[in-house]
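Here the structure is a predicted model, which is why all the values come from computation and not from measurement. Letters A, B, ... mirror the listed sequences (proteins, then strands); counts begin at 1.
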Protein chains: 2
Amino acid sequence: MKAVVSGLRERKRRQTRDRLTEAGMTLFLAQGFEATTLDQIAAAADISRRSFFHHFASKEDLVFAWQDSFCLALLDALVLRPADERPIDAAINALIAAVGDFDRDQAEALTRFVEETPALRDREQVKYALMEQALAEALGQRPGATADSLEIRLVAMVVIGAMRIAGENWRRAGDRARPDIYVRRVFDTLRAAVAEES
Amino acid sequence: MKAVVSGLRERKRRQTRDRLTEAGMTLFLAQGFEATTLDQIAAAADISRRSFFHHFASKEDLVFAWQDSFCLALLDALVLRPADERPIDAAINALIAAVGDFDRDQAEALTRFVEETPALRDREQVKYALMEQALAEALGQRPGATADSLEIRLVAMVVIGAMRIAGENWRRAGDRARPDIYVRRVFDTLRAAVAEES
DNA sequence: TTGCAAATATGCACCAGGTGCATATTTAGG
DNA sequence: CCTAAATATGCACCTGGTGCATATTTGCAA
């Protein structure tokens with residue numbers, strides 16, 4: 001049985017992990033991503049350079065830890081959707097729920113930072129692909145769904161893609177409309193654009 | 001005026017470029033991507049290691065040169081579409097035209113190779129993002145289009161995404177149905193999945 | 001043909017991220 | 001308290017990629 005109260009081991013692990021992300025982000029924001037070396041980060045977090053890689057597989061991963069948590073939130077929100085919802089609606093509603101729970105100021109700052117760093121922009125695309133895959137799997141495991149169907153993969157693709165573009169748009173516009181409204185508007189536009197010509 | 005017949009300069013450049021891709025791909029297929037070093041490639045192409053970077057910005061780019069040409073074909077096909085077609089239809093039809101012109105056996109072999117090499121899988125996502133952006137710009141420059149509209153970006157996202165998934169599916173299924181049929185089937189499924197519930 | 005400017009190729013030093021491996025150090029739990 | 005597993009560290013090493021100064025080649029005009 002796993003300890004209910006996390007043991008000292010796991011606690012310490014989390015601690016150093018957090019120390020790393022904080023030290024890293026501080027340095028990144030101060031001097032830029034590329035200009036910050038792993039040695040600096042390790043030193044600031046009071047850890048050996050080698051041990052860094054016991055917590056993160058790469059320098060980039062330090063930045064994208066948060067996106068993982070958003071992905072998890074999305075999947076959690078998905079299982080709360082009623083079983084009779086179609087995949088697309090379940091996914092959209094889960095997205096709306098997940099996006100509502102997040103610290104938008106922080107997310108925006110981080111995203112702006114990512115945007116202006118080529119290496120991170122690249123890595124972001126990879127993350128989106130992973131999110132899409134995770135969403136597709138989750139949709140495939142819903143009650144009554146056929147795992148790995150074409151429809152499910154297309155829905156995952158569209159939802160993650162729309163999320164990405166909605167985010168860009170939201171940031172660019174600068175207005176702070178409620179994100180759920182934004183998401184809905186994007187999907188309405190999408191439906192209209194894709195629909196068979198009447 | 002640029003010379004109609006490419007000068008010696010450009011011809012030589014292309015030659016070495018081709019020598020590099022060929023040497024690279026041969027080595028990659030023989031020993032794998034990661035296991036092949038730039039020194040080996042440069043040696044095989046009879047060029048200095050440093051000069052490699054005058055032709056390709058990175059080792060990965062060596063593999064993805066072909067995808068650029070596909071992207072160009074897609075954009076070329078797009079300008080041939082009638083001006084009164086909606087963005088989505090113009091893009092789909094351009095995609096069908098472009099995909100029909102390509103050496104599918106080679107594309108498949110290459111894609112399989114990319115799939116089983118993590119570094120290349122990552123890079124592929126970046127390429128898709130670039131294609132999406134290029135397509136969006138091209139759609140924005142069509143006669144009578146509003147550049148940079150939300151609709152256009154969504155259409156580009158959906159078309160490139162559907163292309164990607166259609167490709168995966170086509171490869172996985174193993175049947176060799178005509179690609180245009182495949183593409184249409186995917187878009188039909190997509191429309192049905194996204195459409196407002198009746 | 002010659003001479004000159006631009007493009008291209010090369011060599012070299014150097015940086016930094018990432019890995020393998022052997023070795024300490026710490027924690028869990030009987 | 002003692003042992004096995006997890007974690008941390010140090011170190012050597014590889015390789016992709018860049019900056020820079022220098023040669024070599026090509027285009028073109030006088």
Side-chain angles (χ1 to χ4, degrees), chain A residues 1-21 23-25 27-28 30-65 117-123 126, chain B residues 1-21 23-25 27-28 30-65 117-123 126:
Chain A
M1 198 60 178
K2 274 287 171 66
V4 181
V5 176
S6 49
L8 177 56
R9 207 153 226 163
E10 195 176 329
R11 227 184 318 149
K12 267 207 169 180
R13 206 179 155 69
R14 263 187 204 288
Q15 268 181 350
T16 43
R17 220 186 121 95
D18 291 348
R19 247 185 15 251
L20 276 172
T21 55
M25 290 312 289
L27 286 168
F28 290 161
Q31 354 169 312
F33 180 78
E34 333 255 28
T36 305
T37 74
L38 283 182
D39 297 83
Q40 291 180 307
I41 299 172
D46 203 46
I47 207 182
S48 82
R49 181 184 134 77
R50 188 65 185 84
S51 299
F52 172 90
F53 293 100
H54 288 145
H55 297 268
F56 297 93
S58 71
K59 199 174 152 190
E60 283 88 4
D61 279 4
L62 204 51
V63 179
F64 287 102
T117 310
L120 295 179
R121 274 210 314 263
D122 287 4
R123 182 77 189 180
V126 176
Chain B
M1 197 64 178
K2 274 285 170 65
V4 180
V5 176
S6 50
L8 177 57
R9 209 158 218 152
E10 196 176 329
R11 225 183 320 149
K12 267 207 167 178
R13 206 179 156 68
R14 265 190 202 286
Q15 267 180 350
T16 44
R17 220 187 124 95
D18 291 349
R19 241 177 29 244
L20 276 172
T21 54
M25 291 312 292
L27 286 168
F28 290 160
Q31 356 170 309
F33 180 79
E34 334 255 27
T36 305
T37 74
L38 282 181
D39 297 83
Q40 290 180 307
I41 299 172
D46 203 46
I47 207 181
S48 83
R49 181 183 134 78
R50 188 64 184 83
S51 299
F52 172 90
F53 293 100
H54 288 145
H55 297 269
F56 296 94
S58 72
K59 199 175 154 191
E60 284 88 5
D61 279 3
L62 204 51
V63 179
F64 286 103
T117 310
L120 295 179
R121 273 210 314 264
D122 287 3
R123 181 79 190 180
V126 176

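Between the CG atom of B/Asp122 and the P atom of C/dG17 there is a distance of 18 Å, given to the nearest Å. Following rounding to the nearest Å, B/Arg13 (CZ) and C/dA7 (C1') show an atom-to-atom distance of 9 Å. A straight line from CD of B/Gln31 to P of D/dT15 spans 11 Å, rounded to a whole angstrom. C/dG18 atom C1' lies 15 Å from atom CG of A/Leu62, rounded to whole Å. Atoms CD (B/Glu10) and C1' (D/dT26) sit 13 Å apart, rounded to a whole Å. Protein atom NE2 of B/His54 is 11 Å distant from nucleotide atom C1' of D/dC20, rounded to whole Å. The interatomic distance linking A/Leu20 (CG) with D/dT7 (P) rounds to 15 Å, in whole Å. In this entry the distance linking CZ of B/Arg14 with P of C/dA7 reads 18 Å, nearest Å.
Between atom NZ of residue A/Lys59 and atom CD1 of residue A/Ile41 there is a gap of 6.5 Å, rounded to the nearest 0.5 Å. Between the CG atom of A/Leu38 and the CG atom of A/Leu62 there is a distance of 8.5 Å, given to the nearest 0.5 Å.
With sequence neighbours excluded, no residue satisfies ring pair (Phe, Tyr, Trp, His ring centres under 6.0 Å) with A/Phe64. By the side-chain contact (heavy atoms from CB on, under 4.5 Å) test, A/Gln40 pairs with A/Leu27, A/Gln31, A/Thr36, A/Thr37, sequence neighbours left out. Evaluation of the side-chain contact (heavy atoms from CB on, under 4.5 Å) rule for B/Ala65 yields B/Arg17, B/Phe56 as partners, not counting sequence neighbours. Not a single ring pair (Phe, Tyr, Trp, His ring centres under 6.0 Å) links A/Phe53 to another residue, sequence neighbours left out.
Within residues 36-51 of chain B, the residues that place at least one heavy atom under 4.0 Å from DNA chain C are, in residue-number order, B/Ile47, B/Ser48, B/Arg50, B/Ser51.
Applying the salt bridge (Lys or Arg N to Asp or Glu O under 4.0 Å) test to residues at least two apart or on different chains, the pairs with a partner in residues 39-58 of chain B are B/Asp39-B/Arg49.
Contact check, A/Lys12 against C/dT27: a side-chain N or O comes under 4.0 Å of OP1 or OP2. Using a 4.0 Å cut-off, no side-chain N or O of B/Lys59 falls inside it from OP1 or OP2 of D/dG17. Phosphate proximity of C/dA9 to B/His55: present, with a side-chain N or O under 4.0 Å from OP1 or OP2.
Remark on DNA chain C: of its neighbouring residues A/Ala57 and A/Ala35, the 5'-side contact belongs to A/Ala35, judged by nearest-heavy-atom nucleotide.
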